[in-house]
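Atoms within a ligand are numbered from 1 in the order they appear, just like the ligands themselves. Quick note: residue numbers are just sequence positions, from 1.
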Amino acid sequence: MAGGAVAGGAALLGGCVQNPRDIRIGFLVKQPQEQWFQDEWRFARSAAREYGFSLIAIGAEDGDRVLSALNTLYARYAGGFIICAPDPRLGPAIARFADQTKLKAMSVDDRLTGADGRPVPGIPHVGISARAIGTLAGASAAAEARRRGWTIAETGILRISFDTLETGRERLTGAVDALRAAGYPAAAVFDAPQRTTDTEGAFSAAAPVLTAHGGVDKWIVLGLNDETVIGGVRAAEGLSMKAADIIGIGIGGSEVAIADLSKTRPTGFYASVLLSPRRHGYDTAIAMYRWIHDGRQPPPVTLTSGTLMTRDNYRSLLVREAAA
Ligand code: GLA
């Protein structure tokens with residue numbers, strides 16, 4: 001009899017439109033200490049406040065933590081989750097979990113893939129238009145080098161890379177292609193693979209490469225995010241290079257970039273491509289809410305754009321972003 005009562009209760013619940021307050025959405029990020037992810041969470045929380053659902057923010061820095069976070073969400077009756085996984089190849093395991101538990105899953109920033117590198121079908125994704133944003137970074141570096149009167153022959157391009165991540169590879173491919181189109185030869189590009197995508201990981205990757213090419217006078221520093229480029233710029237500055245001889249262009253435009261751009265004296269960090277954590281945090285949380293509440297599935301892929309932010313325009317851009 002008790003079983004019948006439970007089944008009846010479930011049927012009744014199934015027939016009701018869910019109260020927003022009963023909707024719980026998980027938001028899992030791979031690097032909770034990184035400003036970008038803090039910003040995504042902040043915007044997702046503001047969506048939760050506005051729509052009345054609960055947001056469960058969890059940092060998941062490796063595969064084990066992802067799996068235990070997913071179990072926690074299931075135990076807490078979450079209706080779905082948004083994830084930027086520490087390794088995109090967790091895709092099949094995440095998709096299997098979502099399938100078995102009926103939790104709805106979306107990815108943000110880093111697209112989930114199978115072991116073959118192909119996207120996992122059925123998981124809507126929101127990411128940046130990586131190649132176009134990389135192109136903007138590379139073309140802007142070339143324009144600034146021209147403005148400073150640098151010759152191509154005296155300039156090195158430090159490509160701090162994290163090529164196992166598709167969005168990282170695409171960003172740098174776009175940037176290097178734009179510099180090649182501006183006349184820089186392939187021999188001017190120096191790879192510095194980083195183990196981690198933070199400032200420390202970039203600094204350790206960049207320092208030996210810069211030291212090994214001490215004869216190069218001017219450097220363009222590229223990487224997949226602001227933290228990476230700041231690490232490369234600090235390594236160059238640490239080797240006594242002048243700020244005027246370094247053009248670092250990051251991607252993100254968050255606090256870490258603004259801190260450098262707003263210093264009284266210019267540093268080697270020349271610019272950042274400003275992204276929209278609001279679209280990645282607020283919009284994704286609402287898309288998930290609508291999926292759970294109204295059964296409206298988000299589009300399979302949404303790609304967001306970026307704007308070049310320098311010392312000259314960062315204040316006005318931030319005012320615009322705040323008003324959006
Ligand atoms: C990746 C990077 C982050 C950030 C996001 C933006 O996840 O690791 O630093 O740039 O993309 O989508």
Where ligand 1 meets Ile128 - atom numbers and elements under 4.0 angstrom, heavy-atom basis
12 (O)
Could you tell me whether Asp163 and Arg169 have a side-chain N and a carboxylate O separated by less than 4.0 Å?
no
Say whether His280, considering both its backbone and side-chain N or O atoms, lies within less than 3.5 Å of an N or O atom on ligand 1.
no
Tell me which protein heavy atom sits closest to atom 12 (O) of ligand 1, plus the residue, atom name and distance to 0.1 Å.
Asp109 OD1, 2.6 Å
Ligand 1 to Asp110 polar contact by distance, N or O atoms, under 3.5 Å
yes
Could you establish whether Phe37 and ligand 1 come within less than 4.0 Å of each other, counting only heavy atoms on the residue side?
yes
Is there any N or O on Thr167 that sits under 3.5 Å from an N or O of ligand 1?
no
If two hydrophobic side chains count as joined below 4.5 Å and joins carry through other members, does Ile251 share a cluster with Phe162?
no
Taking only heavy atoms of Lys30, which atoms of ligand 1 are found under 4.0 Å from at least one of them?
1 (C), 2 (C), 7 (O), 8 (O)
Working to the nearest 0.5 angstrom, can you tell me the gap between Ser272 OG and Tyr314 OH?
13.0 Å
Please round to the nearest 0.5 Å and tell me the distance separating atom CZ of Arg234 and atom CZ of Phe269.
9.0 Å
Between the side chains of Arg96 and Asp99, is the shortest nitrogen-to-carboxylate-oxygen separation below 4.0 Å, so that they form an ion pair?
no
Go through ligand 1 atom by atom and flag the ones less than 4.0 Å from a non-hydrogen atom of Glu34.
3 (C), 9 (O)
shortest atom 4 (C) of ligand 1-to-protein heavy-atom contact is with Trp36 CD1, 3.8 Å
Looking only at non-hydrogen atoms, the one of Gln35, Arg171, Glu40 nearest atom 11 (O) of ligand 1 is Arg171
SB check Arg180 Asp177 (cutoff 4.0 Å)
no
I'd like to know if Leu103 and Phe53 are part of one continuous hydrophobic network [Ile/Leu/Val/Met/Phe/Trp/Tyr, side-chain heavy atoms within less than 4.5 Å].
no
In this structure, OG1 of Thr267 is separated from CZ of Arg311 (nearest 0.5 Å) by 7.5 Å
Hey, does Asn225 come in under 3.5 Å of ligand 1, counting only N/O atoms on both sides?
yes
Below a 4.0 angstrom heavy-atom separation, can you tell me which part of Gln31, side chain or backbone, both or neither, approaches ligand 1?
neither
